[in-house]
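Working notes, beginning with the structure itself.
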Amino acid sequence: CETCSKEEAKYRCPRCMKYSCSLLCVKKHKLALSCNGVRDKTAFVAVNEFTDLNLLSDYRFLEDVGRTADAAARHLAKHRPAAKRLLSSLRNKAQKCNIDLRTLPVGFTKRRENSTTFSSVENKFFWHLKLVFPHCHAEYTLKRVPDDKTLADILKPYIDPVESDPVVCQRLKIYTASPPSDVRILMKIENRRQNSVRYNELDASRSLLDNLKGKVIIEYPTLFVVLKTLKIDMVVLGQ
């Protein structure tokens with residue numbers, strides 16, 4: 001025992017690695033060294049000392065971080081009247097534009113990541129938008145997309161052979177190599193049965209606001225960009 005130096009040690013402190021023989025000595029060492037006895041989960045471990053236990057410890061630490069973050073997202077502050085009024089105002093603004101905007105309860109991923117806002121000064125929405133390119137298994141999230149921007153302009157940084165980012169262009173080369181007339185933009189129709197999923201085809205030459213009118217949006221729009229020449233299992237309404 002490193003505290004009394006009399007008895008054989010039975011315990012080892014997870015924090016400072018001091019050996020103790022009894023509960024009394026454990027308490028004494030904590031008092032003398034101001035040790036809380038809790039293992040430091042972020043302490044440095046050399047590579048040659050790294051074991052499966054350290055890996056498991058790190059994994060559990062990340063799980064704890066995830067739970068803490070989720071608990072913060074579900075905090076009562078999210079349910080305060082101010083937050084509810086903001087969401088209600090957003091839905092009312094959408095309704096005036098003939099858009100049925102619906103929000104999910106606190107804790108859902110889409111509710112947590114949605115950044116859609118309405119600017120009273122500019123009198124327009126700035127949408128949180130997700131673009132999905134099924135043929136390349138790629139997804140991109142856009143923030144603060146003005147509602148008066150056309151879908152063609154929204155897609156330019158992704159599939160335009162001249163204006164798109166070189167890295168994105170390389171990943172989406174099957175799209176950039178296709179003529180614009182082959183590109184179709186689809187959006188899932190909400191509130192249908194699971195065995196009857198259908199999509200609306202949107203007009204790339206019209207604004208985002210015009211395309212969203214008369215439709216149900218859950219949190220934010222998700223647009224699927226597909227090519228006419230390639231087979232997909234997405235059924236457009238009316239087909």
Side-chain angles (χ1 to χ4, degrees), residues 1-91 101-118 126-134 136-145 158 165-168 170-171 218-222:
C1 176
E2 295 184 61
T3 302
C4 69
S5 302
K6 295 177 182 179
E7 301 294 333
E8 182 181 352
K10 297 178 182 178
Y11 313 107
R12 192 179 189 186
C13 177
R15 182 78 178 189
C16 63
M17 300 301 173
K18 295 288 184 182
Y19 287 98
S20 303
C21 65
S22 63
L23 179 60
L24 181 62
C25 284
V26 169
K27 290 181 177 178
K28 282 182 179 179
H29 111 266
K30 286 184 177 180
L31 189 62
L33 301 176
S34 299
C35 176
N36 60 11
V38 179
R39 183 178 63 83
D40 184 6
K41 297 178 182 179
T42 61
F44 173 77
V45 180
V47 174
N48 56 357
E49 297 175 2
F50 205 85
T51 65
D52 288 344
L53 285 176
N54 295 113
L55 181 63
L56 183 61
S57 173
D58 285 356
Y59 181 77
R60 286 175 175 167
F61 174 70
L62 293 175
E63 281 189 319
D64 288 341
V65 172
R67 279 193 290 270
T68 303
D70 188 60
R74 297 168 185 266
H75 195 269
L76 287 176
K78 298 284 186 178
H79 298 278
R80 285 176 182 166
K84 290 183 177 180
R85 283 197 299 270
L86 188 64
L87 286 178
S88 179
S89 173
L90 204 61
R91 288 192 294 264
L101 177 63
R102 304 183 185 183
T103 54
L104 296 168
V106 172
F108 277 74
T109 302
K110 289 188 77 172
R111 171 87 294 270
R112 189 164 56 246
E113 64 188 13
N114 189 7
S115 61
T116 300
T117 58
F118 182 85
F126 287 88
W127 288 96
H128 184 105
L129 188 65
K130 182 176 285 187
L131 298 178
V132 181
F133 298 86
C136 296
H137 304 288
E139 289 187 8
Y140 297 95
T141 299
L142 290 71
K143 294 184 178 182
R144 291 191 59 79
V145 181
Y158 298 90
D165 179 270
V167 177
V168 176
Q170 180 62 26
R171 187 178 183 186
I218 297 180
E219 290 292 347
Y220 57 80
T222 298

(message) With rounding to the nearest 0.5 angstrom, report the OG1 to CG distance, Thr222 to Leu129.
(response) 7.5 Å
(request) Using side chain to side chain contact (heavy atoms under 4.5 Å, CB included) as the criterion, list what pairs up with Thr117, not counting sequence neighbours. (result) Phe126, Arg144
(message) To the nearest 0.5 Å, what is the distance between NZ on Lys28 and OG on Ser22?
(response) 8.0 Å
(message) Pairing donors with acceptors under 3.5 angstrom, does anything connect the side chains of Asn54 and Ser57?
(response) no
(message) Surrounding CD of Glu113 (heavy atoms of other residues, nucleotides or ligands, distance under 6.0 Å), is the total greater than 12?
(response) yes
(message) I want to check something: taking the side chain as every heavy atom from C-beta on, are Glu139 and Lys130 in contact at a cut-off of under 4.5 Å?
(response) yes
(message) Around atom NZ of Lys110, are there more than 12 heavy atoms from other residues, nucleotides or ligands closer than 6.0 Å?
(response) yes
(request) For Arg15 and Arg39, run side chain to side chain contact (heavy atoms under 4.5 Å, CB included): C-alpha distance rounded to whole Å, both residues' side-chain angles, the deciding distance at 0.1 Å, then the answer. (result) CA-CA 4 Å; Arg15 182 78 178 189; Arg39 183 178 63 83; 6.0 Å; no
(request) Check Val26 against Ser20 and note the closest heavy-atom contact, atom names and distance. (result) CG2-CB, 3.7 Å
(message) List the residues meeting side chain to side chain contact (heavy atoms under 4.5 Å, CB included) with Lys10, not counting sequence neighbours, and say none if there are none.
(response) none
(message) What's the separation between atom CG in Leu23 and atom OH in Tyr11, rounded to the nearest 0.5 Å?
(response) 7.5 Å
(request) State, with a plain yes or no, whether a side-chain heavy atom of Arg171 is found less than 4.5 Å away from one of Tyr140. (result) yes
(message) Quick check: do Arg91 and Ser88 have side-chain heavy atoms less than 4.5 Å from each other?
(response) yes
(request) Answer yes or no: is there a side-chain heavy-atom contact under 4.5 Å between Leu87 and Arg111? (result) yes
(request) Check whether any side-chain heavy atom of Asp58 lies under 4.5 Å from a side-chain heavy atom of Phe50, and answer yes or no. (result) yes
(request) Could you tell me which non-hydrogen atom of Ala9 sits nearest to which non-hydrogen atom of Tyr19, and how far apart they are? (result) CB-CB, 3.6 Å
(message) Is any side-chain heavy atom of Lys27 closer than 4.5 Å to one of Leu31?
(response) no
(request) Please tell me if the side chains of Cys13 and His29 come closer than 4.5 Å, counting only heavy atoms from C-beta onward. (result) yes
(request) Return yes when atom CG of Asp52 has more than 12 non-hydrogen atoms of other residues, nucleotides or ligands closer than 6.0 Å, and no otherwise. (result) no
(request) Identify the two heavy atoms, one from Leu90 and one from Thr116, that lie closest to each other, and give their separation to 0.1 Å. (result) CD2-O, 3.8 Å
(request) Check for a donor-acceptor pair, side chain of Glu7 on one end and backbone N or O of Cys1 on the other, with a separation under 3.5 Å. (result) no
(request) Drop me the distance from Lys30's NZ to Lys18's NZ, to the nearest 0.5 angstrom. (result) 15.5 Å
(request) Using modelled atom types only, decide if a donor and an acceptor are shared between the side chain of Thr68 and the backbone of Asp64 within a distance under 3.5 Å. (result) yes
(message) Taking atom CD as the centre, does Glu8 end up with more than 12 heavy-atom neighbours from other residues, nucleotides or ligands that are less than 6.0 angstrom away?
(response) no
(message) Using every non-hydrogen atom in the two residues, find where Cys25 and Thr3 come nearest and quote the distance to one decimal.
(response) O-OG1, 3.6 Å
(request) Give me the ring orientation class for Tyr220 and His128: parallel if the planes are under 30° apart, tilted from 30 to 60°, perpendicular past 60°. (result) tilted
